[in-house]
Number of protein chains: 2
Amino acid sequence: MVPMESLFALPPKTGGRGDLVCYGCPARRSALCSALDDAEIHFLDAVATRVRVDPGQYLFMEEDPYDHVFNLSGGMLMLERLASDGRRQIMAFTYPGDFIGLGAGKSYSIAARALTPATACRWRMRDIERLYDSFPALERSVREIGNAVLAATMDQVFVLGRKNAMEKLAFFILHHMDRQERLFGKRATVALPMTRGDIADFLGATVETISRAFTRMRKENLIRLADAHEVEVVDCDRLAQVAEHFDT
Amino acid sequence: MVPMESLFALPPKTGGRGDLVCYGCPARRSALCSALDDAEIHFLDAVATRVRVDPGQYLFMEEDPYDHVFNLSGGMLMLERLASDGRRQIMAFTYPGDFIGLGAGKSYSIAARALTPATACRWRMRDIERLYDSFPALERSVREIGNAVLAATMDQVFVLGRKNAMEKLAFFILHHMDRQERLFGKRATVALPMTRGDIADFLGATVETISRAFTRMRKENLIRLADAHEVEVVDCDRLAQVAEHFDT
DNA sequence: CGAAGTATTGACTTTACTCAAAATAGGTGG
DNA sequence: CCACCTATTTTGAGTAAAGTCAATACTTCG
């Protein structure tokens with residue numbers, strides 16, 4: 001079994017080619033950075049700050065003034081919203097290459113918290129907006145990222161509004177399998193570094209319901225669990241069917 | 001009681017000033033169109049088609065090729081997603097001035113269906129994208145609209161994932177009160193032209209649960225119902241408290 | 001090794017769903 | 001304008017899925 005840590009490895013401090021960190025960055029081909037070519041990327045690099053967050057720590061919190069955007073280069077974050085009475089909703093789990101900081105208003109409406117050790121590039125909104133003027137492709141990329149994030153959020157709305165516990169969890173596992181295949185290639189297991197509570201707060205359920213759904217999937221031989229955070233999908237097609245429709 | 005129809009009145013066929021429909025359009029100050037001034041707006045007008053949809057009819061459907069965007073000028077639409085087994089999730093109810101057509105991929109991921117008689121401006125995506133090159137402010141507007149829509153969709157995620165029936169409905173009524181106040185000014189009642197079933201499919205519940213929540217709010221004197229589609233909010237602050245937290 | 005956090009399981013409760021029926025509203029044609 | 005038909009809304013009664021509370025097992029990490 002490949003240790004999960006290795007999947008979310010942090011990027012090297014220096015690039016492989018030339019002198020720019022960007023050249024060797026695992027997020028170089030991400031939706032944001034790929035908008036600029038190797039000749040242009042140093043404009044983005046010049047106004048970037050590299051930040052690092054340890055598990056459990058926040059990249060930003062809900063009330064922080066909304067004046068920076070980020071591109072995750074290594075590790076995994078979760079974007080969460082907390083209500084005054086303690087109820088929590090997780091909006092997304094983010095992977096290397098993901099752009100973070102889409103929003104409106106004067107403060108963030110979500111907090112970004114590290115699930116694994118993570119590194120990100122940070123830009124002041126003002127600097128990014130100035131770059132939009134020089135590189136329209138950059139603004140186009142951000143707009144398209146926004147469209148993709150919106151589409152994913154609408155998927156989540158459907159799942160939360162209209163799916164039961166088994167369907168929700170099947171959707172969740174398949175989503176992460178897909179993301180991890182794209183990033184790391186096909187592998188034996190799906191890594192789920194978040195807790196059962198985190199999954200519950202993403203899917204609009206309770207820890208117990210999620211735990212029972214895992215157990216049920218295991219018993220019905222849809223998945224195998226090496227440990228709580230390593231899921232082997234036994235029958236992908238059948239799991240996809242479950243995600244589509246499951247009745248008792 | 002002001003008839004609901006009048007709120008969603010369709011725009012006049014010709015503008016009030018000059019020869020451009022845009023000049024007299026109720027959506028002239030909308031997030032999209034206000035990106036261009038009176039001198040520039042004719043570039044947008046030149047490639048626009050005006051379309052009209054009757055209640056129950058579709059502006060576009062889920063499978064249609066995704067190659068047009070719209071700006072609603074009059075009436076109300078709902079954006080809905082349908083699953084193969086008949087389950088439906090409504091993503092939004094749109095008001096005059098709303099931009100419609102944010103998304104990703106080759107076909108729409110939602111359908112847009114008229115709730116009242118509605119009119120909209122339609123543009124081919126290709127034409128709009130060409131205008132982005134000449135008017136960066138237009139692309140900026142669309143990007144910002146996307147951010148606002150994403151924020152609203154995240155609110156919906158929280159509501160669906162973490163709120164009970166009474167909280168959901170309180171949130172829903174207050175949302176539409178707010179939108180209608182902004183558009184039409186403060187008025188005695190909130191117009192809800194959609195059916196109970198539509199509300200249920202927006203809030204991730206059933207018709208019966210929504211109907212019972214309305215009845216309960218009426219009995220607790222939070223609202224009064226002239227008829228099923230005209231809600232008078234008796235105590236706005238208390239309704240806001242209910243939206244925040246309600247227990248039995 | 002012990003402590004703390006996390007995960008699972010069990011027993012019971014509750015909220016919302018389902019099915020069914022009655023009441024109400026809306027629209028059409030006579 | 002009224003009667004009838006249909007769709008919508010409301011209400012009731014019973015059920016089921018998920019929530020709550022509590023105990024136990026398992027991990028991780030100092």
Side-chain angles (χ1 to χ4, degrees), chain A residues 1 3-5 54-56 78 85-89 115-117 159-170 192-219 223-231 242 245-248, chain B residues 1 3-5 54-56 78 85-89 115-117 159-169 191-219 223-231 242 245-248:
Chain A
M1 188 183 70
M4 183 191 319
E5 270 307 297
D54 290 321
M78 55 187 175
D85 59 358
R87 282 182 282 187
R88 182 177 68 145
Q89 177 65 46
L115 219 58
T116 71
V159 169
L160 293 183
R162 287 291 170 240
K163 288 197 175 292
N164 63 32
M166 284 290 278
E167 293 166 342
K168 284 176 175 179
L169 184 57
L192 298 178
M194 65 295 288
T195 69
R196 297 290 188 259
D198 295 333
I199 299 175
D201 284 348
F202 179 81
L203 294 175
T206 59
V207 196
E208 294 92 332
T209 297
I210 295 303
S211 182
R212 283 185 238 273
F214 267 111
T215 302
R216 177 129 197 218
M217 284 187 181
R218 197 162 38 75
K219 285 186 174 156
I223 59 168
R224 269 194 279 269
L225 291 168
D227 69 297
H229 303 280
E230 290 283 335
V231 180
V242 169
H245 182 88
F246 181 88
D247 208 337
T248 57
Chain B
M1 189 182 73
M4 183 193 315
E5 271 305 297
D54 289 321
M78 55 188 175
D85 59 358
R87 283 181 282 187
R88 184 178 66 145
Q89 177 65 46
L115 219 60
T116 70
V159 169
L160 292 184
R162 287 291 171 241
K163 288 196 175 294
N164 63 33
M166 284 289 278
E167 293 166 341
K168 283 176 174 177
L169 184 56
L192 298 178
M194 67 293 289
T195 68
R196 296 291 187 258
D198 295 333
I199 299 176
D201 284 347
F202 178 81
L203 293 175
T206 58
V207 197
E208 295 93 331
T209 298
I210 295 304
S211 180
R212 283 184 238 274
F214 267 111
T215 302
R216 176 131 197 215
M217 285 188 181
R218 196 161 40 73
K219 287 188 174 154
I223 58 169
R224 268 194 279 270
L225 291 167
D227 69 297
H229 302 281
E230 291 282 335
V231 180
V242 169
H245 181 89
F246 181 88
D247 208 337
T248 60

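Any value given below was found using the heavy atoms of this structure, including those in side chains, with hydrogens, waters and symmetry copies removed. Sequence lines set the chain letters: A, B, ... in the order given, protein chains first and strands last, and positions in each chain run from 1.
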S.K.: What is the distance, to the nearest angstrom, from the CD1 atom on B/I210 to the C1' atom on D/dT8?
M.R.: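 Distance, rounded to whole Å: 15 Å.
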
S.K.: Taking A/R87 first and then A/D201, would you say they form a salt bridge - that is, a charged N and a carboxylate O separated by under 4.0 Å?
M.R.: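 Looking at A/D201 together with A/R87, the answer is no, because their closest N to O distance does not fall below 4.0 Å.
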
S.K.: OP1 or OP2 of C/dA25 sitting under 4.0 Å from any side-chain N/O of B/H229?
M.R.: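 No.
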
S.K.: Could you tell me how far apart B/K168 (NZ) and C/dT15 (P) are, to the nearest whole angstrom?
M.R.: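 Those two atoms, NZ and P, are 14 Å apart.
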
S.K.: Looking only at the side chain of A/E208 (C-beta and beyond, no hydrogens), which of the listed nucleotides D/dA18, D/dT20, D/dT9 gets closest?
M.R.: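 Taking heavy atoms from C-beta onward, the closest nucleotide is D/dT20.
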
S.K.: For C/dC17 and B/T206 - does any side-chain N or O of the residue sit under 4.0 Å from the phosphate oxygens OP1/OP2?
M.R.: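 Result: yes.
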
S.K.: Could you work out which one of D/dC21, C/dA7, C/dA16 sits closest to the side chain of B/A165?
M.R.: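 It is C/dA16.
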
S.K.: Can you say whether a donor on the side chain of A/R212 sits under 3.5 Å from an acceptor on the base of D/dT20, or the other way round?
M.R.: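 Side chain to base: pair found, below 3.5 Å.
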
S.K.: Is B/S211 near enough to D/dT11 that one of its side-chain N or O atoms lies under 4.0 angstrom from OP1 or OP2?
M.R.: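 Answer no for this pair, as no side-chain N or O of B/S211 is under 4.0 Å from OP1 or OP2.
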
S.K.: Round to the nearest Å and state the distance from A/I199 atom CD1 to D/dA18 atom P.
M.R.: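 Those two atoms, CD1 and P, are 16 Å apart.
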
S.K.: Any sub-3.5 Å donor-acceptor pair from A/H229's side-chain atoms to A/M194's backbone N or O?
M.R.: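 Yes: the side chain of A/H229 pairs with the backbone of A/M194.
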
S.K.: Work out which heavy atom in B/T116 is nearest to a heavy atom in B/P193; give both atom names and the distance.
M.R.: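 So the minimum-distance heavy-atom pair works out to CG2-CB, 4.1 Å.
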
S.K.: Report yes if the side chains of A/T209 and A/K168 come closer than 4.5 Å at any heavy-atom pair, otherwise no.
M.R.: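 Answer no - side chains too far apart.
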
S.K.: Whole angstrom is fine here: how far is it from CG in B/D247 over to P in C/dT13?
M.R.: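 The answer, rounded to whole Å, is 17 Å.
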
S.K.: Nearest whole Å is fine: how far is C/dA16 P from B/R162 CZ?
M.R.: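 B/R162 atom CZ is separated from C/dA16 atom P by 13 Å.
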
S.K.: Please state how far atom CZ in A/F246 lies from atom C1' in D/dA16, giving the value in whole angstrom units.
M.R.: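 Roughly 14 Å, once rounded to whole Å.
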
S.K.: How many Å lie between CD on B/E167 and P on C/dT15, as a whole number?
M.R.: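 Rounded to the whole Å, the gap is 12 Å.
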
S.K.: Is A/R224 paired with A/E230 through a side-chain N to carboxylate O contact shorter than 4.0 Å?
M.R.: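 Salt bridge between A/E230 and A/R224, a charged N being under 4.0 Å from a carboxylate O: no.
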
S.K.: Determine: side-chain N/O of A/T209 to OP1/OP2 of D/dA18, distance under 4.0 Å, yes or no.
M.R.: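 For A/T209, the contact criterion (side-chain N or O under 4.0 Å from OP1 or OP2 of D/dA18) is not met.
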
S.K.: Tell me: CG of A/L225 to P of C/dT6, nearest whole Å?
M.R.: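 In whole Å, C/dT6 P and A/L225 CG are 18 Å from each other.
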
